[in-house]
Amino acid sequence: MTLRFETRASDSPWVDTVWSCTSEHVAEMTSVAAVCWGLVFWKRDGRAYAGVTGPETRAGTAPVPEGAAFVGIEFAVGTSLRAVPMHALVDGGVELPEATRGTFLLDGVRWESPGPDDAEALVDRLVRSGAVVRDPLVTEVRRGHRPAISGRTVERRFREATGLTQGAVRQIERARRASVLLAGGVPAAEVVPRLGYFDEPHLARALRRYVGRTARQLREGTGGAIALDLDQRTTS
């Protein structure tokens, strides 16, 4: 019962990661909190599907089509779809209509479905068409810059662009980093100071809320299928 992930970084400022995955004898998985929205494409039994995934504020469970092959694009924080408010995608998503084996429909236009190696070409076309947009303020804030506007305005624009608060983004990203470290064999006692948790119970609560796993489960690889590449293999 496995989900086999392969994840790579991207040199596009619009893309966080590109991933591919196959499911083998899996009926459901643990979905993990995420700060990015994405496009996902999958094929099963000769049929093709496409969807938009939203940021997730906590872990949960989700069904998995058995014997499916997936390709996903996770967009950088601060990007969004022109036609869909980000808050409408949080803890949800939509299946895109009229997907075929080679195309999908988005923002009233039919696009070619990508493979793992040509995801950036699709994103470039989406950006040039205006279907995907971003707030440059969020990019500045993420790089540590302090814009000459009020903190309240920064927070409002951040939430409009991402669907999440800055605090939620930091907590989710930290829990995901902790998961990778723990799965790689780093003891919880080392993860706590490295990532700024107050103590091990604080870490444990964050893992339960955002990842749906205990430190021991992550270390031992137990708990069933999970929507997270804990090996963090890169193939850039």
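All residue numbers refer to positions in the sequence shown, counting from 1. This structure is a prediction, so every number in the text was calculated from the model and none was measured.
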Practice task
Applying side chain to side chain contact (heavy atoms under 4.5 Å, CB included), name anything that partners D135, two or more places apart in sequence or on another chain.
Solution key: L137, V138, R157, A161
Practice task
Please say whether more than 12 non-hydrogen atoms of neighbouring residues, nucleotides or ligands are located less than 6.0 Å from CD in E112.
Solution key: no
Practice task
Could you tell me which non-hydrogen atom of D107 sits nearest to which non-hydrogen atom of A83, and how far apart they are?
Solution key: OD1-CB, 3.4 Å
Practice task
State, without any angle test, whether S179 and R213 hold a side-chain donor-acceptor pair at a distance under 3.5 Å.
Solution key: no
Handout entry: Flag side-chain contact, heavy atom, 4.5 Å: R194 against R177
Key = no
Practice task
Would you mind listing every side chain to side chain donor-acceptor pair (under 3.5 Å) that reaches into residues 137-146, with sequence neighbours excluded?
Solution key: R142-E173
Handout entry: Aromatic Y197 / basic R174 pairing, under 6.0 angstrom, 45° off normal
Key = yes
Handout entry: F41: hydrophobic cluster co-members (side-chain, 4.5 Å)
Key = W14, V15, V18, W37, L39, V52, I73, F75, L81, V84, M86, L89, V94, L96, F104, L106, V109, W111, L122, V123, L126, V127, V132
Handout entry: Lys/Arg-Asp/Glu bridge criterion (N-O < 4.0 Å) met for E120, R8
Key = yes
Exercise for the section: Verify the neighbour count for atom CZ of R47: are there more than 12 heavy atoms of other residues, nucleotides or ligands below 6.0 Å? Expected result: no
Practice task
Identify the two heavy atoms, one from P55 and one from T162, that lie closest to each other, and give their separation to 0.1 Å.
Solution key: CG-O, 3.7 Å
Practice task
Tell me, please, which residues at least two apart from E160 pass salt bridge (Lys or Arg N to Asp or Glu O under 4.0 Å).
Solution key: R156
Can you give the donor-acceptor pairs under 3.5 Å from side chains of residues 203-212 to other protein atoms, not counting sequence neighbours?
unit_1: Y210; atom_1: OH; unit_2: Q171; atom_2: OE1; d: 2.8

Completion exercise
Members sharing L105's hydrophobic cluster, built from side-chain contacts under 4.5 Å between Ile, Leu, Val, Met, Phe, Trp and Tyr, are none
